[in-house]
Amino acid sequence: MSKIVIVGCGNVGMSYAFSLVTTKNKVDEIVLIDVLKDKAVGEAMDLTHATAYSSNKIKISGGDYSDCENADIVCICAGKNQEVGETRRDLINKNYGVFKSIIDEVKKTKFNGIFLVATNPLDVMTYITKQLSGFDEKKVIGSGTVLDTARLRCLIGDTLNVSPKNIHAYVIGEHGDSEFVPWSNAIIGLNKATDYLTEDDRARLLYDVRNSAYDIINKKGNTSYGIGMCLTKITNAILEDSNEILTVSAYDKENGIYFGMPAIIGKSGIKEVLPLELNDEERDRLNKSIDCIKETLNQINK
Ligand code: NAD
């Protein structure tokens with residue numbers, strides 16, 4: 001029996017829950033928790049009705065923190081979202097308080113599964129989850145740059161008229177304004193991406209990936225479906241022990257922080273972070289991205 005607890009039933013939490021209901025997976029039970037208890041119960045009722053026509057038979061309910069006890073994954077999507085003109089880093093102090101209240105409650109149970117984090121600023125919130133929970137770093141996973149990597153692959157696919165499934169290019173670093181693409185590692189089909197994409201193409205693609213969230217928030221106020229599907233992909237990799245390589249936010253011992261890197265994901269969480277061979281310019285960009293995350297971390301008023 002696989003049980004997922006989702007804390008935070010807003011745009012992100014519910015897009016995740018809906019994609020769990022509508023895609024093939026091993027989930028047997030979803031419990032929704034929100035500070036707005038009625039919202040969690042109402043969402044659970046609505047989603048339960050969707051299961052009549054979905055191939056997954058999932059039990060869905062609105063619950064409380066005692067439901068975390070035997071959960072496989074507790075996914076935290078709670079907290080403040082970016083408003084128009086706000087960066088992800090601006091959310092840090094509001095969301096630190098939200099996480100403290102949530103993780104204190106989860107710790108009162110015997111929860112021994114995997115924490116999956118979606119709230120921004122993502123890499124810092126993932127680090128905070130590890131610190132507040134005391135969990136092993138491999139059992140705390142952030143959605144990292146999985147969404148940004150999906151956006152990159154869609155955009156390259158559109159540019160070259162190739163399926164995103166045949167594009168092995170990654171966005172790494174902060175899930176935020178300093179993220180970047182190590183093009184020296186990017187492969188399309190069997191060849192280097194740089195054989196197909198000019199320097200201008202690559203600069204435009206990175207700009208579009210970085211600005212996707214701002215663009216979408218300007219138009220519809222939030223982003224949800226993309227991240228919902230990314231959380232489902234990470235969930236499936238865990239429940240199926242599939243060893244899928246995903247650019248999750250993973251702990252880096254050398255720097256003592258979390259950031260997006262390709263990692264092997266399975267039942268035990270982050271099984272291994274795959275070191276990328278970066279050229280000097282890419283190494284410099286990664287160091288700058290790491291500095292940005294450290295700077296945000298230092299802004300927390302505990
Ligand atoms: P939202 O406002 O729609 O939902 C947030 C939910 O959290 C609300 O239902 C609220 O009641 C609940 N909540 C607040 N405090 C709580 C608490 N202490 N305990 C339990 N529930 C609480 O926001 P959203 O659009 O769903 O975004 C959620 C977070 O996800 C934001 O930080 C956003 O920036 C982030 N996000 C991340 C990614 C990513 O790629 N990782 C993508 C999109 C959004």
Side-chain angles (χ1 to χ4, degrees), residues 5-19 31-44 46 62-65 67-68 74-106 115-129 132 141-152 171 173-177 179 209-235 246-249 258-260 293 296:
V5 173
I6 302 177
V7 186
C9 303
N11 305 301
V12 172
M14 292 319 300
S15 292
Y16 171 42
F18 187 67
S19 80
V31 178
L32 302 175
I33 300 178
D34 199 285
V35 74
L36 307 173
K37 287 198 170 122
D38 274 353
K39 179 165 169 52
V41 173
E43 292 285 7
D46 193 5
D64 57 38
Y65 287 100
D67 288 295
C68 297
V74 170
C75 178
I76 312 183
C77 309
K80 183 81 182 51
N81 188 7
Q82 282 163 272
E83 280 169 21
V84 173
E86 237 180 350
T87 70
R88 295 177 178 100
R89 291 175 206 155
D90 294 333
L91 305 171
I92 184 62
N93 279 307
K94 284 173 192 147
N95 287 344
Y96 177 81
V98 168
F99 269 47
K100 175 103 183 63
S101 69
I102 292 169
I103 294 164
D104 281 353
E105 289 302 316
V106 179
F115 274 109
L116 178 57
V117 178
T119 302
N120 280 317
L122 188 276
D123 304 285
V124 175
M125 299 317 299
T126 310
Y127 173 84
I128 285 166
T129 303
L132 294 177
I141 307 177
S143 61
T145 44
V146 176
L147 175 57
D148 317 84
T149 296
R151 287 171 174 158
L152 175 71
V171 178
E174 179 196 25
H175 171 60
D177 300 336
E179 66 191 16
V209 168
R210 275 190 188 159
N211 283 283
S212 288
Y214 292 114
D215 224 11
I216 298 168
I217 289 168
N218 280 333
K219 290 181 167 68
K220 63 166 263 198
N222 63 77
T223 71
S224 57
Y225 305 119
I227 180 62
M229 189 55 93
C230 292
L231 293 169
T232 291
K233 199 155 176 60
I234 300 168
T235 301
L246 295 167
T247 48
V248 295
S249 190
Y258 274 79
F259 58 86
I293 297 169
T296 311

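Residue indices begin at 1 and follow the sequence shown. In each ligand, atom 1 is the first atom listed, and ligand 1 is the first ligand listed.
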Is any side-chain heavy atom of [X] less than 4.5 Å from a side-chain heavy atom of [Y]?
{"X": "I234", "Y": "S143", "result": "yes"}
{"X": "I103", "Y": "I76", "result": "yes"}
{"X": "I293", "Y": "Y127", "result": "no"}
{"X": "V117", "Y": "F99", "result": "yes"}
{"X": "R89", "Y": "D177", "result": "yes"}
{"X": "V5", "Y": "Y65", "result": "no"}
{"X": "T126", "Y": "H175", "result": "no"}
{"X": "R151", "Y": "I216", "result": "yes"}

Heavy-atom distances under 4.0 Å are what count here, so tell me which part of [X] touches ligand 1: side chain, backbone, both or neither.
{"X": "C77", "result": "backbone"}
{"X": "I33", "result": "neither"}
{"X": "T223", "result": "both"}
{"X": "V146", "result": "neither"}
{"X": "H175", "result": "side chain"}

Show the atoms of ligand 1 that are less than 4.0 angstrom away from any heavy atom in [X].
{"X": "I102", "answer": "19 (N)"}
{"X": "L36", "answer": "11 (O)"}
{"X": "L147", "answer": "40 (O)"}
{"X": "N95", "answer": "32 (O)"}
{"X": "S143", "answer": "39 (C), 41 (N)"}

**Report entry** Presence of salt bridge, E174 and R88, under 4.0 angstrom
**Finding:** no

Closest protein heavy atom (residue, atom, distance) for [atom]:
{"atom": "atom 27 (O) of ligand 1", "answer": "V12 CG2, 3.6 Å"}
{"atom": "atom 20 (C) of ligand 1", "answer": "V35 N, 3.3 Å"}
{"atom": "atom 32 (O) of ligand 1", "answer": "K80 O, 2.7 Å"}
{"atom": "atom 18 (N) of ligand 1", "answer": "S101 OG, 3.4 Å"}
{"atom": "atom 22 (C) of ligand 1", "answer": "A78 CB, 3.6 Å"}
{"atom": "atom 34 (O) of ligand 1", "answer": "N120 ND2, 2.9 Å"}
{"atom": "atom 1 (P) of ligand 1", "answer": "G10 CA, 3.9 Å"}
{"atom": "atom 11 (O) of ligand 1", "answer": "D34 OD1, 2.6 Å"}

Requested in this report: Would you indicate which of V98, N81, L32 comes nearest to atom 15 (N) of ligand 1 when only heavy atoms are counted?
Outcome: V98

Output yes when the distance from some N or O of ligand 1 to some N or O of [X] is under 3.5 Å, and no in every other case.
{"X": "K39", "answer": "no"}
{"X": "I227", "answer": "no"}
{"X": "T119", "answer": "no"}
{"X": "N222", "answer": "no"}
{"X": "G13", "answer": "no"}
{"X": "A118", "answer": "yes"}

Hey, is the main chain of [Y] close enough, under 3.5 Å, to the side chain of [X] for a donor-acceptor pair?
{"X": "N95", "Y": "N120", "result": "yes"}
{"X": "D46", "Y": "G42", "result": "no"}
{"X": "D67", "Y": "D64", "result": "yes"}

Query - Donor-acceptor side-chain pairing of T129 and Y258 below 3.5 angstrom - result: no

Query raised in the report: Which atom pair, heavy atoms only, marks the closest approach of V171 to D148?
Result: CG2-O, 3.5 Å

Query - Atom of M125, atom of I92 and distance for their closest heavy-atom approach - result: SD-CD1, 3.9 Å

